[in-house]
Amino acid sequence: MQERYEPASIEAAAQAWWDGHRAFAATEDQSRPKYYCLSMFPYPSGRLHMGHVRNYTIGDVLARFMRMQGRNVLQPMGWDAFGLPAENAAMANGVPPARWTYDNIAYMKRQLKSLGLAIDWDREVTTCSPEYYRWNQWLFLRMLERGVAYKKTGVVNWDPVDQTVLANEQVIDGKGWRTGALVEKREIPMYYLRITRYADELLGALDTLPGWPERVRTMQANWIGKSAGVRFGFPYELGGERRVLNVFTTRADTIMGVTFCAVAAEHALAAHAAQTDSALAAFIEECKQGTAMEAELAQQEKKGMPTGLYVTHPLTQQPIPVWVGNYVLMGYGEGAVMGVPAHDERDFHFARTYGLPIRQVIQKAGHAFADDAWQAWYGDVEDTTCVHSGKYDGLEYAQAVATIAADLKTLGIGDTQVQWRLRDWGISRQRYWGCPIPLVHCPACGDVPVPDGSGNPLGKTAAFVECACPKCGQPARRETDTMDTFVDSSWYFLRFASADNAQVAVDERANYWLPVDQYIGGIEHAILHLLYSRFWTRVMRDLGLVRVEEPFQNLLTQGMVLNDIYFRKPASGRIVYFNPTEVEVRTDPAGQQSVFLKADGAPVEAGGIGTMSKSKNNGVDPQLLVEQFGADTARLFMMFAAPPEQSLEWSDQGVQGAYRFIRRLWKSVYEHVGLGVASSDVQAGELTGEQRDLRRQVHQTLVKVTDDIGRRRVFNTAVAAVMELMNSLDKFTDVTGPGRALRQEALEKIVLILSPIVPHICHALWQELGHPGAVIDVSWPEPDASALAQDSVEIVLQVNGKLRGRIVVPAAASEADIREAALADAAVLRWVEGKLIRKVIVVPGKLVNVVA
RNA sequence: GCCGGUGUGGCGGAAUUGGUAGACGCAGCAGACUCAAAAUCUGCCAAGGGCAACCUUGUGUCGGUUCGAGUCCGACCUCCGGCACCA
C-alpha cells in the first residue's frame, strides 16, 4: 500500500472501475425493492456551482447508502436547458442559444463526472432537444382536447421602449432593465392550464405526503388557499338596469359593519364611472401603470378614489359608496371587496386615510373599541360576539356567519362559497428559447393543432410564421409563443424512466420506478415547481399514461451555499465586488479584523455573507476544489459543514479540516495493514475492558450512522460520530491478536459506512484491507447486539433542576435502587441539607431530580 | 405587505421524544518533533468569580407553562426563501 494519499490517481481508478463495470446502469428488477433517487436537474448555466455540488452529493450519499441496503437504485441526471440566460448570452456574445446551451452541457457533464456520482448516464434527458420537447407539445395538445388547456388574456410587464414583454427579474424598481423605461401592464392572449380543476385534490393529497417537510406542505396549502366564505351581492341600478356587485368574504359576521366597497381598476364599474369623471379615469390609468408583480403591488401605498356610484347594502338597505382601490386584485374573486374598516386592518387604514366611517360590529370581553388606532383583536374570530348588528347581536362568529349566509340566501342574493387563491397556470412566453406552442392560427378554423407537435424554435422568421392551415390548407399564422420552462421540469422525472423510447412519452417502466423515493432540491422550489409537477403528473394519470399520482414520496429541501462578500464603493460609479480568494483578512492584537485586497494592499469593505452568486463575485469554483483536494474532500466538507436543510457557509479552513481527516483515515489503514492484514473475527467473549469499550463504540457508531443517514437524513452528525470513533481508534495502541482483530473490524466498518460519502478513498481502502471485491457491492453492516450491551450506566443528579453530581449504577438497577443511591450521594446530601425533600423524579438511565 | 423558515462559544455546528448546553470540526494558545519551516502528534479552550474543590450566569429580546425549557406557549426583533415571466 502506498503511504501517501493521492486523490487524483485514487479517484481516477475508482471512477474507471465503476464505468468499466457499468456499475450504476439501472434495470427494472421485480425481485428487489426499487429506490428512485432524484436530485433536481440543473440549468446548464456554464459551470457547476457549489449549490449543485451540495445537492448532488446529498443525493449520491442516499443512492449509495440504499444500494448497500439492497435496493435497486436509479439515480438519473438531465438538463433543464430552455430559458432566458441562453437568450441573454446570445445577445451579449452573439452565440446562438443552442450552441451556448449544448457547449455548457458538455462542460458541466465533465465536471459532474469528476465528482464520482453514482448516476445512470444512459438515461440523460435534455429539455431543449426535440426528442424531449415534442412530448411537451404532444401533452399540451391532449390537454387542449380535454379542456385542461385553454386560451384567455393575461397581464404581462410591457417595456414601451423596447416594445417587448419583460420577465419579472427584468423589471428593476418598476423600470425595464435595459431601457430604464417605466414598465406598463398589458393584457395579451395566452394559454392557460386549468390547475384550479385539481385544487381540491392537490390540497387534500398533501396529507398523503408525510415524507415532505411540514413547512413545504404548509406553504403549498397556503398557496392553494382554500377559504370557505360567503359570496353575496350589493344591488344597484345603472342606466335603468338592475344589477348586483358581487363580493366574497370569509367574515360574513361583519357584514353589518360595511361602510364602503372597493373594486379593482379593471372592474367594469370603474370603467363606467370613469367615462364621466376624468380624474377617476386618470387614477385608473395610474393603477394600470407599474409592474404585474404581486410582491411590488402588495407593498405599494394603498390608494383609492370614489366612483361616485352607490350600491345598496342587502341587509340594511343603506347606500354604500363604491371606491376604486389599487389594492383590489381583478384576478382574485370577482375584483371587488366589501370594506369593513372596524374589523379588517387594510380597510381600517384605507378608511382612516379617506375619512370613511368606521362602524364597530364585533366585540370581545375585556377589550374596548376605539377608532383612532388599529388593535390586534379587531380582527379576531374567537370569543367574539356581534354588536350594533340588529337581530344578529350576541351571536358568536360561526353562528353569525351561518345566520347571515342563510338570510342572504333567502333574499336570493348570496350563498356560502368555497374560494381558492390558486390561479390557473399561464404558460405562454413571448420568448425564443423555449418549447414552441404547437398551434396554427387560421382565419377560418381558429386555433389548429400542428400534427405531431412539430415546430422549431430555431426559426421565428416569416418562413416560420407564415404557413398553411393543417385543416383547410388556407394561409395561416403560426403561434410564436413558447412554453414556460416550468412545463419542461413538470414531468422530466417520468421521462427518465422511459428516456430511450422514441414512440411514446412514457411507457410501463414509469410505473415501475415512480414515485420518486427521494427528491432533493432547493427550498426555493417549495411552491411552483413542486406544485406544477404534482398537477402535471395527475393530468398524465387522467390521460391514462401513468398510474402514479404523487410524483415525489419523500422530499429533502437543501439549504443554500453562502460565502463572504467583499467590495469597494468608489465615490462615483458602481460597487466593485472582490472574490474572497482575492482578499486577505488581518486580525490586529485587539481582535479587530480588517480586510485588504492582495493585489494592492489597500482595504476593502466586508459586506457580510450571502448566497454564492456571480453578481456578488463570491462563488468558489468546484473545479479548483476537486483539482486541489479531490472530490472526496469536496463531498466530505459539504456533508460535514452543516445539516442538509440549513444554509452552508463556505470555509477554506473547513475544507482543510475535511482533507486532514481523509488523510488520517488513509494513514490509519496504512499503518494497520503494514503489520499485515488481520482477521476481523473478534472473539467477543475474550476481550479486556478497554477492548470491549472500543468494540461497543464501533457498533454504537454503526447504529448512529445508519439512523442518521437512513432515517434522519442528516450527515454532519454521522461524520462527527465516525470522527469520534477515529479519535478513539488512534488512542487504542493494542497490538495483541484480539487488539489487531478489533482494529481490522473497526477500520472495515468505518470504510463501509463512510463509502457513500467518500466513495473513492473507500473503494481503495476496502481493497487494501484485504477484500478482492468492490465496496459498492458490499451490504451495509449490521450492528452486533452483544457488542452494544453495557453493564453500568451514569446517572446525573440534580437538586431543584441544577446539576450537582453523577453516580454510576448497574444497567439493570431498579427505579427504587437509583433513587436510594441518589439520596445517599454526598453532593445531593450537601444541597438538600436542612431542606424538606418534597419530590424525587427518577428518569431511568438518565437522571434523578430531587426537589427540596 | 402576505406566506414559510432562522437565531446556541471567536467561527461552522451538536443536544433525535421536555432531562448533563456547547459533541465533532475550524480558529487560537501552550508543548513535542525539526537546524528551521510546513506537515504531524499531545494538551488547553463559553463568560465571570475562586489558590482550589467549586460557585454564579449563559442558547436573539421580553413574558409564561413545568420538578426541569435551546426544545413547549404568547408577544416582539433580526436575517433568509417564496409571492405566479429567474430557474
Side-chain angles (χ1 to χ4, degrees), chain A residues 40 42-43 45 80 82-85 154 156-157 165-171 213-216 218-219 221-223 225 292-300 302 327 331 346 376 422-431 484-486 488-489 522-529 531-532 557 559-560 562 587 591 593 608-611 637 640-643 645-658 660-661 663-664 667 704 707-708 711-712 714 716-717 719-724 727 730 794-798 800-803 806 838-841 843 846-847 849-852:
Chain A
M40 290 180 184
Y43 179 78
S45 56
D80 189 12
F82 274 136
L84 270 183
V156 294
N157 299 308
V165 175
L166 298 178
N168 283 340
E169 72 159 2
Q170 297 172 322
V171 179
E214 184 68 42
R215 61 171 161 157
V216 175
T218 307
M219 280 191 262
N222 289 338
W223 185 261
M293 292 163 72
E294 192 167 323
E296 289 199 8
L297 291 173
Q299 276 176 79
Q300 69 192 7
K302 312 279 174 288
Y327 63 96
R346 195 169 54 184
L422 183 68
R423 306 198 292 262
D424 277 341
W425 174 14
I427 59 157
S428 293
R429 297 290 179 269
Q430 298 68 46
R431 315 248 172 263
D484 183 1
T485 55
F486 274 125
D488 309 324
S489 55
I523 184 68
E524 66 273 20
H525 295 292
I527 296 174
L528 294 180
H529 162 61
L531 191 62
Y532 290 153
T557 49
M560 318 273 258
L562 315 176
T587 311
Q593 291 198 329
I609 200 158
T611 313
F637 170 70
F640 180 63
E645 307 232 305
Q646 279 180 38
S647 59
L648 180 150
E649 283 181 41
W650 186 258
S651 157
D652 284 324
Q653 274 118 4
V655 173
Q656 290 284 350
R660 192 174 302 149
F661 175 74
R663 281 202 318 251
R664 257 180 79 193
K667 193 174 134 201
K704 167 126 183 94
D707 187 53
D708 280 355
R711 181 183 63 87
R712 299 176 64 209
V714 285
N716 56 328
T717 50
V719 173
V722 178
M723 285 175 169
E724 281 185 78
N727 290 344
D730 277 358
E794 191 184 71
I795 300 282
V796 164
L797 303 179
Q798 295 182 340
N800 292 331
K802 284 193 194 237
L803 175 68
R806 7 183 136 231
R838 286 184 293 170
K839 203 171 179 182
V840 180
I841 289 136
V843 184
K846 283 250 163 116
L847 61 72
N849 187 14
V850 181
V851 186

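A note on names: the letters A, B, ... follow the listed sequences, proteins ahead of strands, and every chain is numbered from 1. Quantities reported herein were computed from a predicted structural model and do not represent experimental measurements. Values reported hereafter were calculated over all heavy atoms of this structure, with side chains retained and with hydrogens, waters and symmetry mates removed.
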Side-chain N or O of A:Arg660 closer than 4.0 Å to phosphate OP1/OP2 of B:C26: yes
Sugar-phosphate, base or nothing in reach of A:Gln646, heavy atoms under 4.0 Å: sugar-phosphate
Short side-chain N/O contact from A:Lys802 to OP1 or OP2 of B:U57, under 4.0 Å: yes
Whole-Å distance separating the CD atom of A:Glu294 from the C1' atom of B:G1: 10 Å
Listed nucleotide nearest any side-chain atom of A:Ile841, set B:U16, B:G19, B:C86: B:G19
Partner nucleotide of B:A30 by Watson-Crick or wobble geometry (both distances under 3.5 Å): B:U42
Nearest-Å distance for atom pair CG/C1', residues A:Asn716 and B:G22: 15 Å
Touch class at under 4.0 angstrom, heavy-atom based, for A:Val171 against every strand present: nothing
Pairing partner of B:G18 (Watson-Crick or G-U wobble, both distances under 3.5 Å): none
Complementary nucleotide for B:A84 - Watson-Crick or wobble, under 3.5 Å: none
Any A:Arg663 side-chain nitrogen or oxygen under 4.0 Å from OP1 or OP2 of B:U40: yes
For B:U66, the Watson-Crick or wobble partner whose two distances fall under 3.5 Å: none
Whichever of A:Val719 and A:Pro643 has its nearest RNA chain B nucleotide further upstream toward 5': A:Pro643
Any A:Arg429 side-chain N or O less than 4.0 Å from OP1/OP2 of B:C86: no
Mate of B:A75 where both pairing distances stay under 3.5 Å, Watson-Crick or G-U: B:U61
Side chain of A:Ala167 (C-beta onward), nearest among B:G5, B:A84, B:C85: B:C85
Sugar-phosphate, base or nothing in reach of A:Ser651, heavy atoms under 4.0 Å: nothing
For B:A36, the Watson-Crick or wobble partner whose two distances fall under 3.5 Å: none
Earlier contact from the 5' end, RNA chain B, for A:Leu803 and A:Val216: A:Val216
